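All values below were derived from every heavy atom in this structure, side-chain atoms included, with hydrogens, water molecules and symmetry-related copies excluded. So that the names make sense, note that chain A is the first sequence line, chain B the second, and so on, each numbered from 1. Since the structure is predicted, the reported quantities are computational estimates derived from the model, not experimental observations.
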Amino acid sequence: MSSTPARYNFRETEARWQKVWDDRQTFRARMDRTRPKYYVLEMFPYPSGRIHMGHVRNYTQGDVVARYKRARGFNVLHPMGWDAFGLPAENAAMEKKVHPRKWTYENIATMKAQLKSMGLSLDWSRELATCDPTYYRHQQKMFLDFWKAGLAYRREAWVNWDPVDNTVLANEQVIEGRGWRTGAPVERRKLTQWNLKITTFADELLERLNTLDRWPEKVRLMQANWIGRSRGARVFWQLTDAAGADRGRLEIFTTRPDTLYGASFMALSAEHPLVAELAERDPALQHFVAECRKTGTAAAELETAEKMGFRLPLLARHPLMPGKTVPVYAANFVLMEYGTGAIFGCPGHDERDHEFATKYGLPIIPVVMPRDGDPGSFSVAKAAFVEDGVIINSDFLDGLPVDEAKAAVIARLEEMGVGRGTIQYRLRDWLVSRQRYWGCPIPAIHCDCCGVVPVPENDLPVELPEDVTFDRPGNPLDHHPTWKHVACPSCGKPGRRETDTFDTFIDSSWYFDRFTSPALTSAPFDREENHYWMPVDQYIGGVEHAILHLLYSRFWTRAMREVQMTSRDEPFDGLFTQGMVCHETYRAADGSWLTPEEVERTAGGAVVRLSDKAPVAVGRSEKMSKSRKNVVDPDQIIRDYGADTARWFMLSDSPPERDLEWTEAGVTGAWRFQQRLFRIASTAIAALPAVGAPKPARLADAATDLRRAAHKAIAGVSADIEAFHFNKAVARLYELANTIDGFEAADDGGRWALREALEIFVRLAGPMTPHLAEELWQALGHTSLLADAPWPSAEDALLVDDTVTIALQVNGKLRGTIQMPKDSPKEASTSAALAHADVQKAMAGKPEKRVIVVPNRLVNVVV
RNA sequence: GCCCCCGUGGCGGAAUUGGUAGACGCGCCUGACUCAAAAUCAGGUUUCCUCACGGAAGUGUUGGUUCGAGUCCGACCGGGGGCACCA
């Protein structure tokens with residue numbers, strides 16, 4: 001007989017178990033009030049065509065949690081769907097002449113098959129696609145409710161226009177002055193657009209971050225910075241013209257009211273209404289405003305852009321200094337979108353104001369001085385002093401520290417009726433109009449008589465027309481011959497449909513709620529089911545959504561609360577952001593990128609092109625991307641090595657939150673372990689006692705040691721999974737496998753302990769390599785599914801050792817170790833340490849000054 | 001510029017939160033099996049000195065706190081991320 005057991009046939013095995021789980025509807029979630037629920041969700045994918053390694057990592061992590069929680073007795077909801085609206089579908093329509101719907105659904109079919117081959121414990125019965133009218137009709141209804149509640153409004157404003165995608169973008173979608181998808185510098189355009197009032201919740205969104213203790217600190221910090229709360233004051237300045245005639249009052253915002261006495265000019269945004277008014281009769285000012293607009297918002301331009309001002313024919317009266325006036329400018333560095341679009345300039349204590357004042361020869365008056373500064377020599381002529389200090393040259397504020405001065409001056413301003421303390425947020429309302437076809441239609445109708453009218457609820461959903469063309473730039477909905485023509489629901493006269501569609505981030509702002517009752521037609525979700533399943537207990541996805549998707553979802557949940565759809569505040573109880581999947585990059589001599597399949601490593605370690613053996617430059621490991629061609633196709637890995645190998649590799653070595661380096665060696669290592677495991681188990685199984693055989697009365701020491709290792713693994717792996725330390729859980733499984741492999745079952749007790757250890761191993765490995773584990777579970781003689789088996793529980797008595805190793809130190813340096821019974825008295829370990837030869841040698845005859853004993857850990861002798 | 005995170009063997013990374021640094025894996029070295037290779041198995045693998053026993057140094061650099069520091073504190077160097085004319 002051959003001593004080599006059959007090789008593990010992962011292809012046949014993985015397909016077989018996937019079918020069993022499918023047929024038995026093992027992962028179908030049903031509401032069950034008798035059990036605690038657990039909602040595991042990974043960020044749903046955009047159906048771009050094929051899944052990539054980032055998906056594999058994300059969904060593997062989620063699946064470990066889902067399968068683990070399931071084994072621990074939770075009623076787990078683990079659904080999957082498709083973020084199916086978006087521009088790539090329209091680009092495909094233009095390039096490949098295929099309808100966005102067809103392209104999208106074909107991609108969904110491909111990617112679904114790929115996900116299924118991973119063996120994920122998903123409830124596919126809840127699958128949804130956001131481009132389905134049965135999904136977006138509820139979104140339109142919610143929008144109408146928000147509109148009614150004053151949370152949605154139209155406003156004309158300067159917006160970010162992406163010239164490549166031909167659409168406006170939200171503030172959050174502009175990164176360093178460029179469109180988040182296209183990378184094209186955004187342009188400024190004045191348009192009337194739909195907005196959602198996220199600013200209503202600015203304070204709550206900020207405050208409640210503190211309660212999200214299962215969110216990464218980093219994400220909370222990013223959101224807090226994005227919301228950007230500043231305390232300050234609004235201050236009113238009376239304006240006069242050169243002749244002294246009253247020209248109304250100017251309101252400015254400042255975070256430094258304590259420096260009011262250092263004011264030397266006022267600056268208004270070029271987009272400020274007052275500037276526009278003055279420009280009507282001033283061609284030079286018109287020219288200046290046009291120049292400012294041209295500078296754009298691109299970060300690179302802003303950095304180099306010089307401060308520019310235009311002296312307006314106005315003077316501003318200082319609210320606290322009778323008789324004092326300062327000149328008023330229009331300036332290119334003042335943002336209309338923040339505060340009131342106007343500031344007072346205090347060059348002594350603001351770097352920008354300093355630069356401006358220096359350029360235009362305005363006075364620079366110091367009003368804050370370092371605590372230990374010398375009033376005689378302190379100067380801000382060269383640079384603004386922006387740190388904390390004491391107030392000078394400021395009347396009643398003199399001598400006060402900055403903090404107290406702020407409070408004092410605000411109190412005075414309020415008393416005089418010329419200002420008030422306020423809180424200002426950086427957060428802007430969410431601009432949701434997009435001039436695109438492949439998105440959810442905004443359910444509104446424009447009427448010349450009635451203005452903008454909501455689509456009646458009975459007429460929902462407003463569906464996208466199928467017959468559209470993509471042969472010219474702009475919005476296909478706008479070009480459609482008939483779609484937009486519709487009677488005004490209010491007066492019956494001819495009206496026009498809104499042809500803008502929603503930002504697709506709306507689609508993803510509530511899909512997790514929809515998963516709780518995906519088939520319901522009368523409402524977005526059933527209250528009871530939603531209340532049972534929500535919030536998401538564990539959400540997993542990329543950190544790139546730290547602000548966008550996660551902030552919008554937090555807003556949407558609050559908006560739903562405002563219209564009494566839910567009483568919840570937060571959608572995601574726990575959040576985990578996984579790292580990216582990276583790979584080395586390869587470049588040929590001509591600079592072109594090569595895929596990992598196009599290169600090979602020679603025996604000497606050099607990397608050459610496969611086709612012609614030409615040398616290849618190996619670049620640093622970067623996120624897998626099509627543009628650098630450093631991608632590895634998950635399908636191919638699953639075909640060559642199996643889903644379990646791909647999953648195991650994704651979980652080993654790299655901490656889940658950090659970037660993972662995909663290497664061929666790592667994959668083959670993971671694959672070898674699958675084979676080894678199969679061999680270890682298959683070899684042992686024949687000699688094992690039957691399933692459920694009683695524990696023999698006596699066990700040899702070796703058997704007890706094996707049991708200890710197995711039960712410690714239970715405790716360790718459980719804790720590791722709970723803490724998202726999958727790499728450590730994998731390491732513990734390796735250790736247990738090594739222990740099991742080295743164990744010789746000498747008697748019945750040994751064979752019993754070996755069965756126990758193998759069963760524990762298989763159950764612990766189940767969430768990570770579910771197919772192999774299921775196969776071995778069956779091979780061990782079980783007739784029910786491992787997927788339905790409970791998590792093993794550790795016997796406490798086996799988690800502690802009878803003897804412990806104690807480190808012996810002399811003056812903090814390790815000189816030896818001894819074995820002691822656990823919990824030995826201090827005196828015993830002290831005398832054992834002092835008697836130790838190496839300790840005595842290191843003490844060199846000197847008497848001990850002090851002995852520090854850490855029970856069960858170490859003894860440190862100080863001489 | 002401001003804010004945040006991270007620097008541990010050849011590599012990915014462990015280290016019960018102040019108590020034996022380098023678990024586990026990859027790679028490499030030696031040996032077994034083989035005509036040979038692959039696969040597999042056994043052993044070794046931080047560096048330096050030593051035939052060995054053993055010793056010394058060692059967690060980016062540097063200073064400090066402590067009986068004891070990868071872990072805490074200060075300064076610096078390097079890498080990554082977020083925000084950026086937000087008054």
Side-chain angles (χ1 to χ4, degrees), chain A residues 4 7 175-177 216-226 228-230 232 252-257 259 267 269 295 297 299 302-303 305 307 331-335 337-346 349-353 355-356 386 424-428 543-544 546-547 648-649 652-655 657-661 663-670 672-673 675-676 679 716 719 725 727-738 741-742 805-817 838 841 848-863:
Chain A
T4 319
R7 278 207 149 191
I175 294 144
E176 297 189 345
E217 183 62 40
K218 184 167 85 163
V219 173
R220 291 190 284 168
L221 201 86
M222 282 167 69
Q223 290 208 357
N225 288 340
W226 189 263
R229 174 162 68 185
S230 319
I252 60 101
F253 173 74
T254 179
T255 57
R256 293 297 304 272
T259 64
S269 166
T295 322
T297 48
L302 286 176
E303 253 170 52
K307 302 269 179 292
N332 66 339
F333 67 95
V334 182
L335 301 176
E337 299 82 24
Y338 186 75
T340 61
I343 60 156
F344 83 91
C346 177
H349 306 284
D350 182 283
E351 280 163 21
R352 295 156 301 185
D353 297 348
E355 189 187 332
F356 190 83
V386 296
Q424 182 68 41
Y425 297 91
R426 209 187 75 110
L427 183 71
R428 315 271 156 81
V543 74
E544 65 272 17
I547 292 167
W648 185 258
F649 176 64
S652 350
D653 291 355
S654 296
E657 70 280 5
R658 266 197 242 174
D659 288 352
L660 174 144
E661 161 102 11
T663 61
E664 184 66 22
V667 182
T668 53
R672 276 206 305 269
F673 182 66
Q675 296 291 342
R676 178 169 170 233
R679 206 172 45 242
H725 295 159
N727 56 323
K728 286 161 70 177
V730 165
R732 283 185 209 279
L733 288 175
Y734 273 118
E735 274 179 328
L736 181 56
N738 292 341
D741 200 15
T805 308
I806 300 208
L808 304 180
Q809 298 181 334
V810 176
N811 288 340
K813 283 198 181 193
L814 184 71
R815 296 298 169 182
T817 58
D838 291 330
K841 187 176 153 198
E848 73 268 20
K849 276 192 209 145
R850 223 178 128 185
V851 180
I852 289 123
V853 181
V854 181
N856 298 324
R857 292 216 75 90
L858 65 71
V859 177
N860 184 16
V861 181
V862 185
V863 294

Distance-only, no hydrogens or angles: does the S269(A) side chain make a donor-acceptor pair with backbone N or O of V334(A) under 3.5 Å?
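Such a contact is found between S269(A) side chain and V334(A) backbone.
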
Tell me if a side-chain donor or acceptor on N860(A) pairs with a main-chain N or O of I852(A) at a distance below 3.5 Å.
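No; zero donor-acceptor contacts below 3.5 Å.
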
For the residue pair Y734(A) and W648(A), is the inter-centroid distance of their aromatic rings smaller than 6.0 Å?
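Y734(A) vs W648(A): aromatic centres under 6.0 Å.
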
Protein-nucleotides 64-72 of chain B N/O pairs closer than 3.5 Å?
{"from": "C67(B)", "atom 1": "OP1", "to": "R850(A)", "atom 2": "NH1", "distance (Å)": "3.2"}
{"from": "C67(B)", "atom 1": "O2", "to": "N860(A)", "atom 2": "ND2", "distance (Å)": "2.4"}

Spacing of [X] atom [atom1] relative to [N] atom [atom2], expressed in whole Å:
X: D838(A); N: G55(B); atom1: CG; atom2: C1'; value: 11 Å
X: L733(A); N: A14(B); atom1: CG; atom2: P; value: 16 Å
X: L335(A); N: A87(B); atom1: CG; atom2: P; value: 10 Å
X: L736(A); N: A23(B); atom1: CG; atom2: P; value: 18 Å
X: F649(A); N: G13(B); atom1: CZ; atom2: P; value: 11 Å
X: L427(A); N: A84(B); atom1: CG; atom2: P; value: 12 Å
X: N856(A); N: G19(B); atom1: CG; atom2: C1'; value: 12 Å
X: N225(A); N: G82(B); atom1: CG; atom2: P; value: 13 Å

Examine K307(A) relative to F356(A) and say whether NZ or CZ is less than 6.0 Å from the centre of the six-membered ring and inside a 45° cone about the ring axis.
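Judged by the rule (NZ or CZ under 6.0 Å from the ring centre, within 45° of its axis), K307(A) is not positioned above F356(A).
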
Hey, is the side chain of [X] poking within less than 4.0 Å of OP1 or OP2 on [N], counting only N and O atoms?
X: R679(A); N: C41(B); answer: yes
X: T805(A); N: U20(B); answer: no
X: R732(A); N: A15(B); answer: no
X: N332(A); N: C85(B); answer: no
X: K841(A); N: G54(B); answer: no

Might you point out which heavy atoms bring [X] and [Y] nearest each other, and give the distance in Å?
X: T340(A); Y: F253(A); value: OG1-N, 3.5 Å
X: Y338(A); Y: R426(A); value: CE1-CA, 3.9 Å
X: V862(A); Y: N811(A); value: CA-OD1, 3.3 Å
X: R815(A); Y: V810(A); value: CG-CG2, 3.8 Å
X: T254(A); Y: F344(A); value: OG1-CE2, 3.4 Å
X: N727(A); Y: S654(A); value: CB-O, 3.7 Å

Could you please name the option among [options] that lies closest to any side-chain atom of [X]?
X: W226(A); options: C83(B), A87(B), A23(B); result: C83(B)
X: R815(A); options: A87(B), A56(B), G12(B); result: A56(B)
X: D350(A); options: A87(B), C83(B), A14(B); result: A87(B)
X: N727(A); options: G13(B), C24(B), A84(B); result: G13(B)
X: K813(A); options: G13(B), A57(B), A87(B); result: A57(B)

For nucleotides 4-11 of chain B, 5' to 3', base contacts (B), sugar-phosphate-only contacts (S) and non-contacts (-) with protein non-hydrogen atoms under 4.0 Å give S-------

Would you mind calling G12(B) syn or anti? Take O4'-C1'-N9-C4 for purines or O4'-C1'-N1-C2 for pyrimidines, and syn is within 90° of 0.
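Anti, angle beyond 90° from zero.
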
Pairing partner of [N] (Watson-Crick or G-U wobble, both distances under 3.5 Å):
N: G10(B); answer: C26(B)
N: A52(B); answer: none
N: G70(B); answer: none
N: C83(B); answer: G1(B)

Same-atom distance ([atom1]) from [N] to [M], integer angstrom:
N: G10(B); M: U45(B); atom1: C1'; value: 11 Å
N: G64(B); M: U46(B); atom1: C1'; value: 27 Å
N: A42(B); M: C24(B); atom1: P; value: 14 Å
N: C3(B); M: A75(B); atom1: P; value: 12 Å
N: U17(B); M: C11(B); atom1: P; value: 29 Å
N: C72(B); M: U66(B); atom1: C1'; value: 10 Å
N: C48(B); M: G9(B); atom1: C1'; value: 14 Å
N: G44(B); M: C76(B); atom1: C1'; value: 40 Å

Residues D350(A), R256(A); criterion side-chain contact (heavy atoms from CB on, under 4.5 Å); working and verdict:
CA-CA 9 Å; D350(A) 182 283; R256(A) 293 297 304 272; over 6 Å; no

If we count only N and O atoms by modelled type, under 3.5 Å, do the side chains of N738(A) and R676(A) hold a donor and an acceptor together?
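Present: a donor and an acceptor within the cut-off.
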
In this structure, are over 12 heavy atoms from other groups packed under 6.0 Å from E337(A) atom CD?
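More than 12 within 6.0 Å, yes.
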
Scan V730(A) against the nucleic acid and name what it touches under 4.0 Å (heavy atoms): base, sugar-phosphate only, or nothing.
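The residue V730(A) makes no contact with any strand.
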
Electrostatic pair E735(A):R732(A) at N-O distance under 4.0 angstrom
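Looking at E735(A) and R732(A), the cut-off is not met.
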
At a cut-off of 3.5 Å, list every protein nitrogen or oxygen paired with a nitrogen or oxygen from nucleotides 25-29 of chain B, distance to 0.1 Å.
{"from": "G25(B)", "atom 1": "OP1", "to": "N738(A)", "atom 2": "ND2", "distance (Å)": "3.2"}
{"from": "G27(B)", "atom 1": "OP2", "to": "R672(A)", "atom 2": "NH2", "distance (Å)": "3.3"}

